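Here's the structure we're looking at; comments come further down.
Position 1 is the first residue of the sequence, and the numbers go up from there. Since we're looking at a predicted model, the values are computed, not measured.
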Amino acid sequence: MVTLHIADKEIECAEVRPIKLTMLITESGQEYLLINDWGRQHLYAVRRGEKERPEFAYIDQVVRVEEEPRFRRIAQ
């Protein structure tokens, strides 16, 4: 059970299925949200709206993600 506290309100919920969220930012500062929902990945553009609240625009389903290694070994 999960209880959310918002301003003067409480909302009790049950977590049905976990999803993984990844925030991505380009060199120019554009923000994206990658959502992994049980093996299917979807990409959303993130924009700052009124009062800096995020607004999400669905782009498309992601076919493949390529990640660079985080740490590279230095050859000796």
Side-chain angles (χ1 to χ4, degrees):
M1 191 62 119
V2 176
T3 303
L4 305 172
H5 301 273
I6 303 170
D8 61 342
K9 185 176 8 177
E10 268 186 23
I11 302 171
E12 291 190 9
C13 309
E15 186 175 345
V16 178
R17 54 181 201 190
I19 59 174
K20 180 182 173 187
L21 305 175
T22 305
M23 186 71 163
L24 305 167
I25 302 174
T26 64
E27 288 181 11
S28 64
Q30 173 62 47
E31 298 175 331
Y32 294 95
L33 187 63
L34 180 64
I35 299 177
N36 185 342
D37 181 18
W38 285 35
R40 293 185 302 170
Q41 295 182 325
H42 303 276
L43 187 64
Y44 290 81
V46 181
R47 294 181 186 90
R48 299 296 168 177
E50 231 178 87
K51 298 182 183 178
E52 290 296 308
R53 290 185 179 168
E55 296 176 353
F56 304 97
Y58 181 74
I59 296 176
D60 207 346
Q61 183 170 342
V62 176
V63 177
R64 187 174 80 190
V65 175
E66 293 181 19
E67 292 185 37
E68 290 184 16
R70 293 181 188 224
F71 301 100
R72 295 184 183 177
R73 293 183 92 177
I74 299 173
Q76 294 183 5

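- Atom CG of Leu24 sits about 11.0 Å away from atom CD of Gln30, to the nearest 0.5 Å.
- In this structure, Ile59 is a member of the same hydrophobic cluster as Leu34, with clusters built from ILVMFWY side-chain heavy atoms closer than 4.5 Å.
- Counting heavy-atom neighbours within 6.0 Å of Arg48 CZ, excluding the residue itself, gives a total above 12.
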Pair Thr22, Asn36 - check side chain to side chain contact (heavy atoms under 4.5 Å, CB included), show working. CA-CA 8 Å; Thr22 305; Asn36 185 342; over 6 Å; no
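- If you take CD on Gln61 and CG on Asp37, they are separated by 10.0 Å, rounding to the nearest 0.5 Å.
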Using the side chain to side chain contact (heavy atoms under 4.5 Å, CB included) rule, take Phe56 and Val46 through it: C-alpha gap first, then chi angles, then the decisive distance, then the call. CA-CA 5 Å; Phe56 304 97; Val46 181; 3.8 Å; yes
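- Taking both residues in full, the closest heavy atoms of Met1 and Cys13 are given as SD-O, 3.0 Å, listed atom of the first, atom of the second, then distance.
- A distance of 10.5 Å separates CD1 in Ile11 from NE2 in His5, rounded to the nearest 0.5 Å.
- The hydrophobic clustering, which links ILVMFWY residues whose side-chain heavy atoms are closer than 4.5 Å, places Met23 and Leu21 together.
- Between Tyr58 and Tyr44, the ring planes lie perpendicular to each other; the angle is over 60°, past the 30° to 60° tilted range.
- Cluster annotation: Leu43 is not connected to Ile25 through the hydrophobic network of ILVMFWY side chains, with a link wherever side-chain heavy atoms come within less than 4.5 Å.
- If you take CG on Leu4 and NZ on Lys9, they are separated by 10.5 Å, rounding to the nearest 0.5 Å.
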